[in-house]
Amino acid sequence: MDNERFQSDSGQPTIEIFDIPIMEPMVTFTDLWITGVCLFALFKLMKLNKRGKVHQYMRWYFGIMALATFLGGVLGHAFQYAVGLEWKLPGWLISMLAVMAVERASIMHAKPVINDKFGKFLEVANVVELLTFAVITFYTLNFFFIQVHSAYGLGLVVLPLHFLVYWRTRNEGSRIFFLSVLFATLAAFFYTSEIGLHTWFNHLDLAHTVMAISMYFFYRGARKLEVLKPEDIKEDKGSFGDAVRDSLNGLKKNFRGERLH
């Protein structure tokens with residue numbers, strides 16, 4: 001093999017399977033691991049067949065993210081030597097659509113507890129920020145802008161909206177969502193710090209593993225999302241600190257329940 005041609009930025013060696021070079025094999029595998037989790041979630045949610053836009057957008061989220069990570073693994077890593085750097089774009093841009101879908105689901109879910117004008121503003125901003133970052137990414141071929149878009153979507157839309165819903169209603173699905181987003185920030189940490197365990201399980205593999213686990217918990221949260229009714233909104237919602245404590249106590253109960261089973 002031409003060593004220079006098959007040299008990856010991450011430093012993970014290229015392997016051959018039936019004389020076909022596979023660049024960054026573990027990075028490819030962990031990308032496809034996310035794909036598998038997303039397909040599992042999609043099929044389970046389709047079988048559950050809950051009605052409403054929130055659940056429709058969540059099904060879209062898992063389906064679109066499955067496609068994005070599949071293309072990312074195959075074109076962006078395994079066969080990058082054959083197609084070139086620009087073929088990272090399909091996976092990147094499609095993943096932005098997935099983030100848009102989960103933002104949209106969060107906005108729809110939070111509508112009963114937010115101002116109508118603010119809700120409409122978020123819907124418009126949802127489209128504007130997608131188009132803005134898509135254009136910038138297309139022209140720069142820089143993954144940094146994908147990270148910024150995800151940070152905005154998950155950190156400034158999904159997390160606060162689901163926390164607000166949980167604070168006002170103690171909705172279990174929203175609790176799982178905002179805690180999962182907090183956990184998902186580890187993926188960005190591993191990616192930017194380039195901390196890995198080994199050449200064969202580097203920072204990208206760790207980031208992908210965190211993402212796969214996060215996707216599973218997003219699925220668990222999606223199963224618990226119910227259409228909010230006026231009676232679900234608590235008059236005495238408690239303080240911000242009460243909501244945080246309740247969410248963490250719920251996390252402890254879940255762990256205990258899992259261990260008992």
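The structure displayed is predicted, hence computed values, not measured ones.
Within a 6.0 Å sphere centred on CZ of Phe163, heavy atoms belonging to other residues, nucleotides or ligands number more than 12.
Taking every heavy atom of both residues into account, Asp205 and Trp200 meet most closely at OD2-O, 3.7 Å. The shortest heavy-atom contact between Val210 and Ala187 is CG1-N, 3.6 Å. Here the closest heavy-atom approach between residue Lys234 and residue Thr169 is recorded as CE-O, 3.5 Å.
Using cut-offs of 30° and 60° for the angle between ring planes, the Tyr57 and Trp60 rings count as perpendicular.
The side-chain heavy atoms of Asp19 and Glu16, taken from C-beta on, include a pair separated by under 4.5 Å.
In the model, Asn202 has no side-chain atom that pairs as donor or acceptor with a side-chain atom of Glu194 under 3.5 Å.
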Let's go through Met100 and Glu129 carefully: what are the C-alpha distance in whole Å and the side-chain angles of both, what is the deciding distance for side chain to side chain contact (heavy atoms under 4.5 Å, CB included) to 0.1 Å, and is it a yes or a no? CA-CA 9 Å; Met100 179 187 181; Glu129 50 99 359; 5.6 Å; no
So Lys120 and Glu123, salt bridge (charged side-chain N to carboxylate O under 4.0 Å, His left out) or not? Walk me through it. CA-CA 5 Å; Lys120 289 176 182 176; Glu123 288 181 33; over 6 Å; no
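Between Phe143 and Tyr191, a ring centre-to-centre spacing shorter than 6.0 Å is recorded.
Each of Tyr219, Phe62, Phe218 was checked for a ring pair (Phe, Tyr, Trp, His ring centres under 6.0 Å) with Phe40, and the lone residue meeting it is Tyr219.
The cationic group of Arg170 lies under 6.0 Å from the six-membered ring centre of Tyr166 and within 45° of the ring axis, placing it in a cation-pi geometry.
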